[in-house]
There are 2 protein chains.
Amino acid sequence: MKQRPPKLTEIADRLDISAATVSNALSGKGRVSAELAERIRQVAEELGYVPSVSARALRTGLSGVIGLVLPDIGNPLFPQIAQAIENAATDAGLGVLIADSRGSIQAQTEAIQHLRDHGVDGMIVVPRRGSRVADVGCPVAMIDSPSTPGNTVSADHWCGGFLLGEHLRSLGHRKVLLIGNHRDSIVQTDRLGGVRAALQGTEVERVWLDSLPGDQPIGALDPVRWYSEGFTAFVTVSDLQALRVLTALQSAGIAVPSMASVTGFDDLVFASSVIPALTTVRMDMPKVAEIAISALKRAIEAKSGDGAETVRADPDRVPMTLVIRRSTGPVHEEAGAKPRLPHPQQEN
Amino acid sequence: MKQRPPKLTEIADRLDISAATVSNALSGKGRVSAELAERIRQVAEELGYVPSVSARALRTGLSGVIGLVLPDIGNPLFPQIAQAIENAATDAGLGVLIADSRGSIQAQTEAIQHLRDHGVDGMIVVPRRGSRVADVGCPVAMIDSPSTPGNTVSADHWCGGFLLGEHLRSLGHRKVLLIGNHRDSIVQTDRLGGVRAALQGTEVERVWLDSLPGDQPIGALDPVRWYSEGFTAFVTVSDLQALRVLTALQSAGIAVPSMASVTGFDDLVFASSVIPALTTVRMDMPKVAEIAISALKRAIEAKSGDGAETVRADPDRVPMTLVIRRSTGPVHEEAGAKPRLPHPQQEN
DNA sequence: CTGAAAGCGCTTACAG
DNA sequence: CTGAAAGCGCTTACAG
């Protein structure tokens, strides 16, 4: 049953030519006459020839595999990232080896080591909050906030926040609460900074969950009290928190969006299926992935030329998109805006 | 700056011995005197020696990398699976190459091809609903429902459902709605089958979203109408749907759990942070991953012996755990069970 | 217990 | 345009 994959020499033997010629023909370097090349390609196809990656890697020093280091695979944003990277890499003929730097920065370093030991040509890393990635010894593309030094590509979180802020302002909100998770996250700071900038002249307060009492930061969220203090809009830094706020309000009888507006970030998988669906800000992951992969590819190719192996610096900002859904609405004190009743049956 | 990784021969030269001896010492095959082996290990350590995976792979035919094929990386359950597999694989000294078989079964086949071409030693596949995986040419471990033929390991979905059913029954629910997504999913059929079995003697109805009108299956969900028909408990096949049901009810003013109970499956990341937190059923992913990896490892080792490359058949069922949280409660018609008001401030 | 030699399957100068 | 030869860095029989 088991049919060993055909080797290069088998094609050569079949056609009574040298392995070198087969290799040249298949790699399309053009040192072979067009018709012979064509015949070679045919036979290769016929035999179902697939070059041995290990042999090629050994010879060329390139494995055709890159590593993807994520701060926490358990993060709900991960699927989007992984999927986008996997697609872009596959299109570029690259394989993707995953590594989870769960927990500590030390684990991140270990994960990077591990990937290197496995012979990746380069890696894409989404660093942990506030961590710097030491010199890795192979090309690295970093996906982080644009304001992070050494960053390769990222969405423009600040602008995304700005868009959101404008939206809330246009809805007439006059007292807005900004809810962040970790104050040392540059991404979160950027997002909320953008929101605040768009809300000049309206009353804005910001709270960081990691500085609230309690073990579980999210448990410290108390939207009902905040509502009673007069806030009509709650801006969170992630759909996960927006969901918490939304359900907390709803289960206390505070209707969304007729009594309060709630927003998230990232357009996580559940954002569109909740009722009311979440207004959120989405980044163009495929674009981010594509830029990261192509930067990495260039770096890898450059490396085989000279010895350069530094982070590719050409920070690109991918724009973010505001997705307006039913969790935001006009403030009902506004003239002409009657309090809306929730319409759960209606589609998003 | 760039320091080429040290090679085996450099260690040999340093100690004036042969590469063969270094290799033997490092692989611990014991053909080397204890003290020499020790010195070799020291020098290797000192030099930061890391064996070249491609050279080893070329020589031994084993790459030390396995593939992970997922039906859809975008699936919210994916993080749990990927993380568990990555951990187990890392512990076993294996790298994990990911592949997304998004969309069609054809894409799944392509993804598998792709991984094979990249030289994986074996793969773990979570097959698409209803798809069979053709002979791959390398060992494969399948994670699916226990009732799927060729399955290697999985959680016992039926039992998980049974646990849930018992819970609802003990709460006094007399009219329960079972909400499935795709009728051709064996996992979903198993889950709901277990629930129904535990609910013998109470009124149970089952609805499949994929047979309801509308493009977006989830949009067809109409919990409020169902509630008005007398159902007091809504069992869904995934937390994602449970979330939809929960928010639909809440935004229509139907309090959970005092007026209706809602349950999900999988304990997705948001299940514990929603208010009220979702009662759900969780599988022991690390266990599933561990079994899959070790089965795969055995198969790979066996393969290098003889030519066997078939699916490892030794189906194991990992138990599921019922996680009771605040989205379920006693039916309020029950004697002594006063309708509870929601307590959004309270922790889970 | 240790070493010399062959070879895994490719690619790449180098000749012709 | 085509081929002979060397070599990428290991491991594994086989001798000694």
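Remember, predicted model here, so these are calculated numbers, not experimental data. So that the names make sense, note that chain A is the first sequence line, chain B the second, and so on, each numbered from 1.
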Under 4.0 Å between a side-chain N/O of [X] and OP1 or OP2 of [N], yes or no?
X     : N      : value
A/S52 : C/dG9  : no
B/T21 : C/dG3  : yes
A/S23 : C/dT11 : yes
A/Y49 : C/dC10 : yes
A/S33 : D/dT2  : yes

For this session: Could you say whether A/R59 or B/I17 is positioned toward the 5' end of DNA chain C, judged by the nucleotide with the nearest heavy atom to each?
Result: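 It is B/I17 whose nearest nucleotide is closer to the 5' end.
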
Which of these nucleotides, [options], is closest to any side-chain atom of [X]?
X     : options               : result
B/R56 : D/dG9, D/dT11, C/dG3  : D/dT11
B/L8  : D/dG3, C/dT11, D/dT11 : D/dT11
B/A55 : C/dT2, C/dG9, D/dG9   : D/dG9

Exercise. Could you give all pairs that pass the salt bridge (Lys or Arg N to Asp or Glu O under 4.0 Å) test and reach residues 45-54 of chain B, with sequence neighbours left out?
Worked result: B/R14-B/E46

Please state how far atom [atom1] in [X] lies from atom [atom2] in [N], giving the value in whole angstrom units.
X     : N     : atom1 : atom2 : answer
B/L58 : D/dC8 : CG    : P     : 13 Å
A/R39 : D/dC1 : CZ    : C1'   : 13 Å
B/K7  : D/dC8 : NZ    : P     : 6 Å
B/E38 : C/dC1 : CD    : C1'   : 17 Å
A/L26 : D/dT2 : CG    : P     : 14 Å

Problem set entry | Dot-bracket pairing map - DNA chain C, Watson-Crick plus G-U, both contacts under 3.5 Å, | cross-strand | |||.||||||||.|||

Can you tabulate the close N/O pairs, meaning under 3.5 Å, that link protein atoms to atoms of nucleotides 13-16 of chain C?
none

Exercise. Which residues pass the side chain to side chain donor-acceptor pair (under 3.5 Å) test with A/D266, sequence neighbours left out?
Worked result: A/R191

For this session: Go through the structure and list residues passing side chain to side chain donor-acceptor pair (under 3.5 Å) with A/S101, not counting sequence neighbours.
Result: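 Result, side chain to side chain donor-acceptor pair (under 3.5 Å) vs A/S101: none returned.
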
Problem set entry | A/K7/A/E10 salt bridge by N-O under 4.0 Å criterion | no

Exercise. Partners of B/E110 by salt bridge (Lys or Arg N to Asp or Glu O under 4.0 Å), sequence neighbours excluded?
Worked result: none

Problem set entry | Sequence-distant partners of A/R59, salt bridge (Lys or Arg N to Asp or Glu O under 4.0 Å), two or more places apart |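 Salt bridge (Lys or Arg N to Asp or Glu O under 4.0 Å) check on A/R59 returns nothing, list empty.
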
Exercise. Short question: side chain of A/S63, backbone of A/G119 - any donor-acceptor pair under 3.5 Å?
Worked result: yes

Seminar exercise, completed: So side chain to side chain donor-acceptor pair (under 3.5 Å) across residues 77-87 of chain A, not counting sequence neighbours, yields A/Q83-B/D72, A/Q83-B/D100, A/E86-A/T90, A/E86-B/R102, A/N87-B/R102

For this session: Can you run down the ring pair (Phe, Tyr, Trp, His ring centres under 6.0 Å) pairs that involve residues 104-128 of chain B, sequence neighbours left out, and say none if there aren't any?
Result: B/H114-B/H118

